[in-house]
Novice: 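Handing you a structure now.
These values consider heavy atoms only, across backbone and side chains, with no hydrogens, waters or symmetry-generated copies. Keep in mind the model is a prediction, meaning the values are calculated, not measured. Along the sequence shown, residues are numbered consecutively beginning with 1.
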Amino acid sequence: MAEVLSTVKPEETAPDSNLVFMNIADAVPVLIWISNAEGACFHFNKRWLNFTGRTLQQERNSGWQEGIHPNDRTNYLRSVRKSIDSREEFKAEFRLRRFDGQYRFMLEHGVPQYSSNGKFRGFIGSCTDITDEKLISQSLEQQLKDYELIFNSAPGIIIYKDTQNNVLRINRTGAELFGKTREEIEGRNARDLLPVHEKATVDRYYEQDLQVMRSGQPLYNIIDCSPASSGKLIWTLIDKIPHWGPDGSIDGVVVFGRDITDRHHAEEALIQSERRYKAIVEDQSELVCRYRSDGLVTFTNDAFYRFFKEAREEMVGGNRRPLIPDELLKFSLASLKNSEQLNSGTLTFVHSLFLKNNAVCWLQWTIRALLDEQGQFAEFQAVGRDITALKTTEEKLRSYLVAMETSVDGIAICDENGKFIFMNEAHAKMFEAPSPESFIGKSWQTLYDEKELILWKNRFEEFMYLGRWRGEAVGMRFDQTTFAQEVSLTALPSGEVVCVCRDISARKENEERLKKTASDLARSNRELEQFAYIASHDLQEPLRMVSSFVDLLVEENQGKLNEESQKCIHFAQEGVIRMRTLIRDLLEYSRIGRSFLEESSVDCDEVLSAAKQNLTKLIESSGAKITSDKLPIIRGNSTTLLQVFQNIIENAIKYGGTDSPEIQIKVQKNIGKNIDKVTEEWLFSIADNGIGFNQIHSERIFQIFQRLQRRQPGSGNGIGLAIAKKIIESYGGRIWAESVEGRGSIFSFTIPISHDKKIRVST
């Protein structure tokens, strides 16, 4: 390619604008090269260099041409030169040597590159390995040639006709039957190929063709007698198969014909002897057949064709290799080469076979060579027996054995005397034995200590009564250490016992840890309940004393205290009230989740009415307007749902701003995801036009004793929304809030429709 690509000058480098592209080119899964305006290749991506096993310096200029296959180099460079000189996009194929010395077919695509001002900058090319596609294409071409060779060299007649009885294809044997060449026949109508007095025969053939094309079912073994071009009568065995077009419809018929004239005459001579033979074998339950050394079936009995579910006439006289497998035929022919085998009488052969329904069957054949009157081999006779059931049982036993050998559970089998006759690897490892064989012949009692064997006496009473037992036991390893195990025993009809063991030591340890954790939690809950009791009783008593003394102080010093003292007493009274409310709210919050209330059908409209009734004074004083969709009847607890609605509505009114609060309640069915299960749920939303809050505090407002606004008279302790959150989560639902400061808030919560648990609530 010296005349195509000029040499790259030492000082020449890639344009800056190509640097990013070069980096990208290194990452793509094809071979990339870049040339300058003079056509010299100055860059190859990593994929190219990895493919050729060469360095960039070795490939630059004309170095890359060394990898082109010598037989491709001249033509390839000549064709590419024209495209490069004309600065036109091009595609080309050539073989490129890989790093291991193997040549691979490449499809190259070159594209000219121009700068923004229209100046030609060179070419960018990509090469894709198309070796596999090439090999497939060559293989298909060779297959077509092979098919054509087989088609024309077939000893039988092959004719392909369309729906109008036109001959589209015919092989050489068929053309010779008509006394014409293939070119003279193909494309002509079948009625035009025979003399006028034979038109009726052609029409009869065409009626058979139409029957095949209409039904889509082939016709086999049509025996016909007709004159050949020589005038001699020939007997032909014909099969007619529907031909399916690319669109899935039948567009013609394929006719297969075999000259059976000689066979026909021979069969006529054998008819009498065949009748006598049939009388002997027809009543046999075994499959009886005779076949020649070329696989041609000459006889089958009733049991044979009933087994294969084919008509006898479709078997006899045809080379039915699926019924006489190659393996059976080869085994039969091998006996002919050994005179001792041939004269020894019978041979036995076993093989598998696919039936028409794709079921697999196993047959055992007894084969005998039949001789003619001169003592020469004539044909084989085979008597078959279906041993599928036996083979299936053997396969099942084999698969069961593999399953037991590879099982992660320990599996062992004991005989009626309690001694091991089988043990898998997992069972031996569980007891830390050297191998399964070390247990064979030993009693199962060696696996347990004396204390555990006493317990096994009662277990065996249940096992002997039911024929099975499952439970836990304590096994003993080879080193005398013990471990917890789960054991399953099953009695077999043979008197043997199957034992499946599993080491549950880790599970037992986890159960103990869980028991300890549960005990710790129960103790913690009792301490919390004790604290709640103290909060509701013991802490209330000092508050009542403080409140009484403050009230007494006010009563005895009425009109005597100055303004500063009165203010201090007022703060003390307000602090007592606030502390009492705080204790009451804390007690109420702690009760949620400590006990259960049964579910029932709850009308949410009635719950909402009760909430508004409880908030009547607050609603009237604030002028709040509350509107609602028709709310559903759900499974739940009316008391807890009343707390949720009342707390959220009360919160909306308290923080409604200067305008009259407007509260809108909506509900819809929703598809929610609870852990890893998708469920239906009710989605409630309560929207207001209040002062709102910054969305970053959306989680904080549901925390106990958290308020975003400064304390106002009657504003509460910030526990109402925390109570609502705890109740909704006890239902298995979710609760959240969305808001923009100054534009109101939307509180949403969900309640699963299909939950079946009891609701944990306060008592």
Novice: Between Lys508 and Asp503, is there a salt bridge with N-O shorter than 4.0 Å?
Specialist: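 Answer for the salt bridge query: no.
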
Novice: Hey, could you give me the OH/CD distance between Tyr291 and Glu379, rounded to the nearest 0.5 Å?
Specialist: 10.0 Å

Novice: Is any side-chain heavy atom of Cys361 closer than 4.5 Å to a side-chain heavy atom of Phe307?
Specialist: yes

Novice: For the side-chain hydrogen bond (donor to acceptor under 3.5 Å, both in side chains) test, which of Asn166, Asn189, Asp209 pairs with Lys161?
Specialist: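 For Lys161, the side-chain hydrogen bond (donor to acceptor under 3.5 Å, both in side chains) test succeeds with only one of Asn166, Asn189, Asp209, which is Asp209.
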
Novice: List for me each residue that meets side-chain contact (heavy atoms from CB on, under 4.5 Å) alongside Gln208, sequence neighbours excluded, and say none if there are none.
Specialist: Arg204, Tyr205, Leu219, Ile222, Lys240

Novice: If you count every heavy atom of other residues, nucleotides or ligands that lies below 6.0 Å from Arg385 atom CZ, does the total exceed 12?
Specialist: no

Novice: Any side-chain heavy atom of Leu107 sitting closer than 4.5 Å to one from Glu133?
Specialist: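 When only atoms from C-beta onward are counted, Glu133 and Leu107 do not touch, as no gap falls below 4.5 Å.
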
Novice: Donor-acceptor pair, distance only, cut-off 3.5 Å: does the side chain of Arg104 make one with the backbone of Leu96?
Specialist: no

Novice: Judged by atom type as modelled, is there a donor-acceptor pair below 3.5 Å linking the side chain of Asn424 to the main-chain atoms of Ile411?
Specialist: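 A pair under 3.5 Å: yes.
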
Novice: Between Glu437 and Ser435, is there a side-chain donor-acceptor contact under 3.5 Å, judged purely by atom types and distance?
Specialist: yes

Novice: Please determine which of Asp239, Ile238, Ile158 meets the side chain to side chain contact (heavy atoms under 4.5 Å, CB included) test together with Val255.
Specialist: Ile238

Novice: Do Arg97 and His69 have side chains that get closer than 4.5 Å, going by heavy atoms?
Specialist: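 The answer is no, as the side chains (C-beta and beyond) never meet within the 4.5 Å cut-off.
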
Novice: Partners of Gln138 by side-chain contact (heavy atoms from CB on, under 4.5 Å), sequence neighbours excluded?
Specialist: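 Gln138 satisfies side-chain contact (heavy atoms from CB on, under 4.5 Å) with Phe105, Leu135 only.
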
Novice: Side chains of Cys127 and Glu108: does their closest heavy-atom pair fall under 4.5 Å?
Specialist: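 They are in contact (side-chain heavy atoms under 4.5 Å apart), so the answer is yes.
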
Novice: I need the minimum non-hydrogen distance between Leu683 and Ser748, along with the two atoms involved.
Specialist: CD1-CB, 4.3 Å

Novice: With a 4.5 Å heavy-atom cut-off, do Pro436 and His427 have their side chains touching?
Specialist: no

Novice: Mind listing the closest non-hydrogen atom pair of Ala92 and Val80 along with its distance?
Specialist: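 The pair with the smallest heavy-atom distance is CB-CG2, 4.3 Å.
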
Novice: Nearest 0.5 Å, please: how far is CD1 in Ile32 from NZ in Lys46?
Specialist: 14.5 Å

Novice: Report the C-alpha separation of Thr55 and Arg60 in whole Å, then their side-chain angles, then the decisive distance to 0.1 Å, and conclude whether the side chain to side chain contact (heavy atoms under 4.5 Å, CB included) test is met.
Specialist: CA-CA 9 Å; Thr55 65; Arg60 294 183 69 177; over 6 Å; no

Novice: How far apart are the closest heavy atoms of Phe123 and Gly110, and which atoms are they?
Specialist: CD2-C, 4.0 Å

Novice: List in chain and number order the residues that pass side-chain hydrogen bond (donor to acceptor under 3.5 Å, both in side chains) with Asn75, two or more places apart in sequence or in another chain; answer none if no residue qualifies.
Specialist: Arg78

Novice: Any side-chain to backbone donor/acceptor pair from Thr181 onto Glu184? Under 3.5 Å, distance only.
Specialist: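 The answer is yes, because a donor-acceptor pair under 3.5 Å joins these two groups.
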
Novice: My understanding is that only residues two or more places apart in sequence, or in another chain, count here; which of them pass side-chain contact (heavy atoms from CB on, under 4.5 Å) with Ala433?
Specialist: Ala428, Ser438, Phe439, Phe478

Novice: Just wondering, do Leu168 and Glu186 contact through their side chains at under 4.5 Å, heavy atoms?
Specialist: no

Novice: Closest heavy-atom contact between Phe120 and Ala37?
Specialist: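 Here Phe120 and Ala37 meet closest at CE2-O, 3.4 Å.
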
Novice: Considering residues at least two apart in sequence or located in another chain, which fulfil the side-chain contact (heavy atoms from CB on, under 4.5 Å) criterion with Arg502?
Specialist: Asp409, Glu486, Ile504

Novice: Might you point out which heavy atoms bring Trp33 and Cys41 nearest each other, and give the distance in Å?
Specialist: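 Closest approach of Trp33 to Cys41: CE3-SG, 3.9 Å.
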
Novice: Distance-only, no hydrogens or angles: does the Ser35 side chain make a donor-acceptor pair with backbone N or O of Gly122 under 3.5 Å?
Specialist: no

Novice: Could you please spell out the steps behind the side chain to side chain contact (heavy atoms under 4.5 Å, CB included) verdict for Glu89 and His109?
Specialist: CA-CA 8 Å; Glu89 181 178 350; His109 184 194; 2.3 Å; yes

Novice: How long is the span from the CD atom in Gln65 to the CZ atom in Phe94, to the nearest 0.5 Å?
Specialist: 10.5 Å

Novice: Could you tell me whether the side chain of Thr388 and the main chain of Trp362 form a donor-acceptor pair under 3.5 Å?
Specialist: yes

Novice: For Arg95, give me all partners under salt bridge (charged side-chain N to carboxylate O under 4.0 Å, His left out), at least two apart in sequence or on another chain.
Specialist: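 For Arg95 the salt bridge (charged side-chain N to carboxylate O under 4.0 Å, His left out) partners, ignoring immediate neighbours, are Asp72.
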
Novice: Quick one: list whatever passes salt bridge (charged side-chain N to carboxylate O under 4.0 Å, His left out) with Asp162, sequence neighbours left out.
Specialist: none

Novice: For residues 244-253, which residue pairs qualify under salt bridge (charged side-chain N to carboxylate O under 4.0 Å, His left out), counting only residues two or more places apart or in two chains?
Specialist: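 Counting only pairs at least two positions apart or across chains, no salt bridge (charged side-chain N to carboxylate O under 4.0 Å, His left out) contact touches residues 244-253.
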
Novice: Contact between Cys499 and Phe420 at the side-chain level, heavy atoms closer than 4.5 Å - yes or no?
Specialist: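 They are not in contact (no side-chain heavy atoms under 4.5 Å apart), so the answer is no.
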
Novice: Can you sort out the partners of Asn171 under side-chain hydrogen bond (donor to acceptor under 3.5 Å, both in side chains), two or more places apart, ordered by chain and number?
Specialist: none

Novice: Kindly compute the distance separating OH (Tyr103) from CD1 (Ile68), expressed to the nearest 0.5 Å.
Specialist: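 Tyr103 atom OH to Ile68 atom CD1 measures 9.5 Å (nearest 0.5 Å).
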
Novice: Would you call Asp100 and Arg98 a salt bridge, taking side-chain N to carboxylate O under 4.0 Å as the test?
Specialist: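 Here Asp100 pairs with Arg98 in a salt bridge, since their nearest N and O are under 4.0 Å apart.
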
Novice: Could you report the tightest heavy-atom contact between Arg182 and Arg172, atom names first, then the distance?
Specialist: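 Minimum heavy-atom separation between Arg182 and Arg172: CD-N, 4.2 Å.
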
Novice: Roughly how far, to the nearest 0.5 Å, is OG of Ser126 from CD1 of Ile34?
Specialist: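 OG of Ser126 is found 11.5 Å from CD1 of Ile34.
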
Novice: So, Asp386 side chain and Leu363 main chain: donor-acceptor pair closer than 3.5 Å or not?
Specialist: no

Novice: Could you please spell out the steps behind the side chain to side chain contact (heavy atoms under 4.5 Å, CB included) verdict for Gln211 and Gln217?
Specialist: CA-CA 8 Å; Gln211 178 184 344; Gln217 299 297 321; over 6 Å; no

Novice: Please examine the side chains of Ile241 and Tyr220, heavy atoms only from C-beta on, and report whether any two atoms are closer than 4.5 Å.
Specialist: yes

Novice: What is the distance from atom CG of Asn71 to atom CZ of Arg73, rounded to the nearest 0.5 Å?
Specialist: 9.5 Å

Novice: List for me each residue that meets ring pair (Phe, Tyr, Trp, His ring centres under 6.0 Å) alongside Phe483, sequence neighbours excluded, and say none if there are none.
Specialist: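 Phe483: ring pair (Phe, Tyr, Trp, His ring centres under 6.0 Å) contacts with Phe431.
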
Novice: Identify, with sequence neighbours excluded, every residue that meets ring pair (Phe, Tyr, Trp, His ring centres under 6.0 Å) alongside Tyr206.
Specialist: none

Novice: Should the ring pair Tyr76 and Trp64 be called parallel, tilted or perpendicular, given that the plane angle runs from 0 to 90° and is split at 30 and 60?
Specialist: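 Geometry flag for Trp64 against Tyr76: perpendicular rings.
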
Novice: Just jot down the salt bridge (charged side-chain N to carboxylate O under 4.0 Å, His left out) partners of Glu509, sequence neighbours excluded, or say none.
Specialist: none

Novice: Any idea how Trp48 and Phe44 line up, ring-wise: parallel (<30°), tilted (30 to 60°), or perpendicular (>60°)?
Specialist: tilted

